[in-house]
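Just so we're on the same page: letters track the sequence lines, and every chain starts at 1.
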2 protein chains.
Amino acid sequence: MSRSVLIIEDDPRIRRMLQMTLQREGLEVTEAGSGEEALEHLAEHTFDVILLDLMLPGKDGFEVCREIRKTSSTPVIMVTARSDSHDVVAGLEAGADDYVSKPFVVKELSARIRALARRTRAPEPRVRLTVGDLEVSPTEGTVTRGGEMLNLTRTEFRLLTELAAEPGRVLSREELLERVWGYDYFGDSRLVDVHVRRLRKKIEPDPANPTLVTTVRGMGYRVPG
Amino acid sequence: MSRSVLIIEDDPRIRRMLQMTLQREGLEVTEAGSGEEALEHLAEHTFDVILLDLMLPGKDGFEVCREIRKTSSTPVIMVTARSDSHDVVAGLEAGADDYVSKPFVVKELSARIRALARRTRAPEPRVRLTVGDLEVSPTEGTVTRGGEMLNLTRTEFRLLTELAAEPGRVLSREELLERVWGYDYFGDSRLVDVHVRRLRKKIEPDPANPTLVTTVRGMGYRVPG
DNA sequence: GCGCTGTGTGACAAGTTCGTGACCGGCGGA
DNA sequence: TCCGCCGGTCACGAACTTGTCACACAGCGC
């Protein structure tokens with residue numbers, strides 16, 4: 001799963017280095033050269049983690065951190081020049097969640113970002129969806145019928161989850177593409193058909209006469225409410 | 001092996017700083033903001049070491065220490081503001097095992113915790129997990145089948161424990177990496193595969209057709225619920 | 001019936017994921 | 001010191017997934 005990171009760092013060289021290396025690690029990176037710019041970004045998007053350099057011109061990192069905390073609970077990783085315990089305590093007081101001291105190992109940094117993103121992400125409630133006689137558990141990643149686990153692929157599973165989350169509602173191919181494949185997927189929408197078929201093959205008692213995932217001609221698919 | 005520490009400290013800043021730095025030293029940290037809260041934690045878990053700040057609101061550290069001693073023999077490290085010999089003597093009298101004065105060096109603190117934990121490791125409550133016909137005892141570090149003990153390595157054991165702790169749930173490689181290897185591990189996630197294989201070789205009746213630790217392709221591993 | 005559009009079906013190639021054996025370095029015990 | 005165990009890495013092949021295609025088929029308006 002891709003995590004989004006906001007980097008707040010005034011030195012453009014370091015910023016670019018971070019941007020490239022973290023991107024290579026599979027993270028979505030947004031850059032800000034100042035606290036003001038950062039707050040603008042935060043007004044528009046939410047991020048999984050914020051990476052904040054202490055040494056900023058104008059407002060210093062602590063102040064930026066406090067301002068961020070006023071409007072957002074996004075976890076903040078402070079980047080300190082040296083691991084000065086005074087800075088650390090001040091950073092924590094300002095609302096930071098973790099800190100890293102320069103020079104840092106990129107791998108370590110990205111691991112921390114991931115860990116923090118995972119840890120502070122709202123604990124997923126244990127949801128149980130039902131589709132006919134199927135039990136779908138999004139958090140456990142399982143689909144069972146009568147206690148027996150069905151072997152779905154990741155795509156099939158997501159497809160079923162999206163449909164099951166809104167029973168009765170017809171989801172268009174475009175909607176499903178966006179939800180299952182992501183908004184940056186530009187392929188054929190027939191792709192959905194193929195996966196619906198594969199899904200049916202596994203979950204429908206009679207795949208030729210589907211009852212769990214039904215077709216609404218000209219509209220899309222749905223699971224009966 | 002990881003040691004568990006209970007921090008009793010009213011200042012949230014210092015508490016968080018301690019929590020994070022000690023965690024980074026590989027210690028499992030639980031926090032308590034007051035003596036009452038600490039006693040609640042102690043009723044539920046056992047810890048290897050208790051880190052107790054003298055300057056607590058309400059009951060002072062000495063009193064908390066005496067109360068702890070009524071029910072538990074877990075070693076206590078007192079944290080004093082200054083190395084006042086009067087405080088030290090009173091602390092030892094109250095049942096503390098060691099003392100550290102502020103400001104302390106984190107490395108030193110973690111070294112003392114380790115030393116004390118090693119010296120007086122308390123017998124932990126027994127927890128039993130089962131995986132198929134296996135009995136897993138996380139506290140004793142043993143896995144048995146029909147009374148016969150299996151010879152797992154530390155890594156294999158922890159891997160099995162993490163999976164067994166949440167039967168039915170699929171744990172991703174990333175999750176397993178974080179839980180077994182720690183979130184500061186930056187290696188290949190294929191490492192998990194290799195250890196799963198080694199684990200299977202030892203616990204599965206037929207390692208080629210695993211039933212105790214099963215693969216969920218594209219997701220991770222699980223032990224059937 | 002006819003044509004059009006939308007959907008189901010089987011096949012296929014490329015890519016991904018996973019299991020496996022092998023290797024190497026570090027560490028501790030004999 | 002040597003030896004064996006353990007943990008981490010690698011390369012390879014098998015199995016599986018996935019996106020795409022061509023074609024068949026069904027519904028619908030005419």
| request: With salt bridge (Lys or Arg N to Asp or Glu O under 4.0 Å) as the test, would you mind laying out the steps for R15(A) and D10(A) before giving the verdict? | output: CA-CA 7 Å; R15(A) 213 165 58 222; D10(A) 61 308; over 6 Å; no

| message | Applying salt bridge (Lys or Arg N to Asp or Glu O under 4.0 Å) to R145(B) and E135(B), what does each step give before you reach the verdict? | response | CA-CA 6 Å; R145(B) 165 177 282 140; E135(B) 286 236 333; over 6 Å; no

Between the protein and nucleotides 3-5 of chain C, which nitrogen or oxygen pairs come in under 3.5 angstrom?
| residue | atom | partner | partner atom | Å |
| --- | --- | --- | --- | --- |
| dT5(C) | O2 | R217(A) | NH2 | 3.2 |

| Does anyone know the first and last nucleotide of DNA chain D in reach of chain A, 5' to 3', at under 4.0 angstrom to a heavy atom? | dT17(D) to dG27(D)

Between atom [atom1] in [X] and atom [atom2] in [N], what is the gap in whole Å?
X	N	atom1	atom2	answer
L176(A)	dT7(C)	CG	C1'	15 Å
M219(B)	dT17(C)	CE	P	12 Å
L191(A)	dG8(C)	CG	P	14 Å

| Does the side chain of L212(B) reach to within under 4.5 Å of the side chain of V223(B), using non-hydrogen atoms? | no

Polar pairs (N or O, both sides) under 3.5 Å between protein and nucleotides 9-13 of chain C?
| residue | atom | partner | partner atom | Å |
| --- | --- | --- | --- | --- |
| dG10(C) | N7 | R197(A) | NH1 | 3.3 |
| dG10(C) | N7 | R197(A) | NH2 | 3.1 |

| query | According to a strict under-4.0 Å criterion, is T215(B) in side-chain N/O contact with OP1 or OP2 of dG19(C)? | reply | yes

| message | Check this one for me: any side-chain N or O of Y221(A) less than 4.0 Å away from OP1 or OP2 of dG6(C)? | response | no

| 5' precedence on DNA chain D between E156(A) and L152(B) (nearest-nucleotide basis) | L152(B)

| task | Might you work through the side chain to side chain donor-acceptor pair (under 3.5 Å) test for R200(A) and T214(A), ending with a clear yes or no? | result | CA-CA 9 Å; R200(A) 282 173 175 163; T214(A) 58; over 6 Å; no

| Cut-off 3.5 Å, side chains only: do R179(A) and T161(A) have a donor facing an acceptor? | no

| request: Apply the test side-chain contact (heavy atoms from CB on, under 4.5 Å) to residues R198(A) and T155(A): give CA-CA distance (whole Å), side-chain angles for both, the deciding distance (0.1 Å), then the verdict. | output: CA-CA 10 Å; R198(A) 286 170 178 159; T155(A) 311; over 6 Å; no

